[in-house]
Amino acid sequence: MHIYDSVQKTKLPFAPIRKGEASIYVCGPTVYDDAHLGHARSSLSFDLLSRTLKALNYKVTMGKNFTDIDDKIIKKVEETGKSMDEITSFYIERYLEDMAAIGIQRPDIEPKATESLQAIENMIQTLIDKDMAYVIDSGDVYFDTSKDSHYGDISHQVGEDEDNQSRVVHTSEKRNPKDFALWKACKGNDDICYDTPFSSGRPGWHIECSAMIEKHFSHAHGTEEYSIDIHGGGADLLFPHHENEAAQSRCATGHELAKYWMHNGFVQIDGEKMSKSLGNSFFLKDALKVYDGEVLRYYLNSVHYRNDFNFSEEELLTSKKRLDKIYRLKKRVSPGKGSAVNKTFKKSLLDAMSDDLNISIALAVIDDMVATTNDAFDTNPKNKALKKETLANIEFIDALLGFGSKEPFSYFQIGVDETLKAQIETLISERSDAKKEKNFERSDSIRNELIALGISIMDTADGTLWEKA
RNA sequence: GGAGCCAUCGCCAAGCGGUAAGGCCGCAGCCUGCAAAGCUGCUAUCCCCGGUUCAAAUCCGGGUGGCUCCUCCA
């Protein structure tokens, strides 16, 4: 396995802290609204990583947090009059449903900030005790970036001279412009506050990830140099979020946070980053109303995770066509039971994914397998061994990439209700009769009716099959 | 103002110094009553200008264009 490390900016062989194991932590969503396609892409990217490592026989432990204490959540509390818990638990449920719909394997650990307060407090206290953090008059606690000689190693964005060059004006009692809040003191009676020795307040954004990783991935920390193997998230988190996480963890624990850092590219709409502030975000739940989750999954995963992804309906339809081909092949071999995966096929797929998740090559390998197998069945439709192997191949695709698991006939009937189904079957039956009588004018006319209904048909040796377009 | 990323066939997209994968679309053919599906074949010298090298889409320098980060953000 090779992984592109966004800190070293190069592809590195994956050598985990512990042989045969892989610990991954991905920054999850702040739960104040529904997940958009960008969240989907991030989840999908690291889902592929996890599946690939599992296929390579690593014992994977995947963690993804829910940020459930945050300014925007508090704002939502004020706006709606609902409790913070009502809001966050609602969106956490929605998030999990949406992710399940696109085939994301549930992480092993899903920590929440509200359930990690002790760990957060401990880490901040440690930093204060080590004089790497300071409490200002208001009760806010800041991390002192000047005390960390490695601050900047992650994002390479902290220059020597710089500072007031930033287009953001910093005005506070911070000692250094780059210092960031570990803890925000209570602002008033209505604020969400937790008591700690340093002040009553709530955690800053960055500290939760460091604390959760420390809490949930607590290796013995003997001679181990890193807390986890891989830390992931969107490219926008590299700075300041990950830089700050790394600094906190390094200074509090004496260990580097992660051995490898991976960042996924953005989903764009018309060439611009999808984001709420630009008003161009596309909620996953809305996309799922129009497109099947499996098709969305194939589509959003069809471009390498590090590249930006420009969403277009036209390209999504192209992805569906490629997925369709896999299911058409599956129709030829279903129902049945798989035997063993073709070794060459399996190796080619794994080789592709082992190269920093080269999905393009992987999909090309699948397309090739589909064409070759179809060709073989065109020559010999009754090749039983090949049928079993093909089923096994498709099962492997599903395990590794997360698509192809549906019953193939039902895949082509998504969106067809019982009434329409009965109508289609009647028409097909009438058409078959017409064909037997060589009344082709009639049979073609029926076919046109079906096409008008969005149904395409194909005559095979086993009768007429139909598909919803 | 500072820091990065990207630019490959009509569209999407691999490539990581050794002579351009794959998909969609299009064209031709096989199959079919005709189709559809499936299969086969055909279609690019890599934004521009310099340089390094026996050899560059791939490395270096300079342009041009697009995107992102430095503020919440996947």
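Below, chain A is the first sequence line, B the second, and so on; all start at residue 1.
L329(A) places its CG atom 15 Å from the P atom of G23(B), with the value rounded to the nearest Å. Remark: C1' of A37(B) and CD1 of I451(A) are 13 Å apart, rounded to the nearest angstrom. In this structure, L401(A) places its CG atom 19 Å from P of G22(B), rounding to the nearest Å. Rounded to whole angstrom, the span from the CG atom of N301(A) across to the C1' atom of G23(B) amounts to 16 Å. Atom OH in Y299(A) sits roughly 11 Å away from atom C1' in C11(B) (whole-Å rounding).
Checked by atom type and distance alone, the side chain of D68(A) never pairs as donor or acceptor with a backbone atom of K112(A) at under 3.5 Å. At distances below 3.5 Å, at least one donor-acceptor pair connects side-chain atoms of E407(A) with backbone N or O atoms of F409(A). The closest donor-acceptor contact from the side chain of Q413(A) to the backbone of V416(A) lies at 3.5 Å or more, if one exists at all.
C69(B) is paired with G2(B) under the Watson-Crick or G-U wobble criterion, all donor-acceptor distances under 3.5 Å. Pair assignment for A21(B) gives none, since no Watson-Crick or G-U wobble pairing has each distance under 3.5 Å. Nucleotide G50(B) forms a pair with C60(B), judged by Watson-Crick or G-U wobble geometry with both contacts under 3.5 Å. Across all strands shown, A37(B) forms no Watson-Crick or G-U wobble pair with both key distances under 3.5 Å.
Between K11(A) and D355(A) there is a salt bridge, since at least one side-chain N of the basic residue sits less than 4.0 Å from a carboxylate O of the acidic one. Looking at D292(A) and R297(A), no side-chain N of the basic residue comes within less than 4.0 Å of a carboxylate O on the acidic one, giving no salt bridge. Residues R306(A) and D356(A) are paired through a salt bridge, judged by an N-O separation under 4.0 Å between the basic side chain and the carboxylate. For D236(A) and K273(A), the salt-bridge test passes: some basic side-chain N is under 4.0 Å from an acidic carboxylate O.
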For nucleotides 24-26 of chain B, print each protein N/O atom paired with a nucleotide N/O atom at under 3.5 Å, atom names and distance only.
from	atom 1	to	atom 2	distance (Å)
C24(B)	OP1	K325(A)	NZ	3.2
C24(B)	O3'	K321(A)	NZ	3.4
C25(B)	OP1	K321(A)	NZ	3.2

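For F309(A) and Y299(A), the ring centers are positioned less than 6.0 Å apart.
Base engagement by R447(A) is indicated by at least one non-hydrogen atom pair under 4.0 Å involving a base atom. Within 4.0 Å (heavy atoms only), N264(A) reaches at least one base atom of the nucleic acid. Heavy atoms of H36(A) sit under 4.0 angstrom from at least one base atom. S43(A) comes within 4.0 angstrom of nothing in the nucleic acid, heavy atoms only. Contacts of F266(A) with the nucleic acid, taken as non-hydrogen atoms under 4.0 Å apart, include base atoms. Note on G28(A): only backbone sugar-phosphate atoms sit closer than 4.0 angstrom, heavy atoms only; bases stay farther off. Using a 4.0 Å heavy-atom cutoff across all strands shown, A371(A) reaches sugar-phosphate atoms only and no base atom. As judged by a 4.0 angstrom heavy-atom cut-off over every strand, N374(A) is placed among residues touching the sugar-phosphate backbone only. V267(A) comes within 4.0 angstrom of a base, heavy atoms only.
Taking side-chain N and O atoms only, K273(A) has a distance below 4.0 Å to OP1 or OP2 of C69(B).
Listed in residue order, the members of residues 278-296 of chain A having a heavy atom less than 4.0 Å from RNA chain B come to none. Contacts of residues 458-469 of chain A with RNA chain B (heavy atom under 4.0 Å): M458(A), D459(A). Residues of residues 354-363 of chain A that place a heavy atom closer than 4.0 Å to RNA chain B, in numerical order, are N358(A), S360(A), I361(A). Within residues 425-441 of chain A, the residues approaching RNA chain B are R431(A), K435(A), F440(A), by heavy-atom distance under 4.0 Å.
Evaluation of the ring-ring contact (aromatic ring centres under 6.0 Å, His included) test over residues 314-333 of chain A, restricted to residues two or more places apart or in two chains, returns Y327(A)-Y411(A).
Cation-pi check for K320(A) over Y298(A) is not met; the charged atom does not lie both under 6.0 angstrom from the ring centroid and within 45 degrees of its normal.
Between G233(A) and D308(A), it is D308(A) whose nearest contact on RNA chain B lies nearer the 5' terminus.
Considering only heavy atoms from C-beta on, R51(A) comes within 4.5 Å of Q105(A) through its side chain.
Once rounded to the nearest 0.5 Å, the distance linking OG of S45(A) with CD1 of I359(A) reads 10.0 Å.
For A44(B) and G10(B), the C1' atoms lie 11 Å apart once the distance is rounded to whole Å.
Counting atom types as modelled, R328(A) pairs no side-chain N or O with a base atom of A37(B) as donor and acceptor under 3.5 Å.
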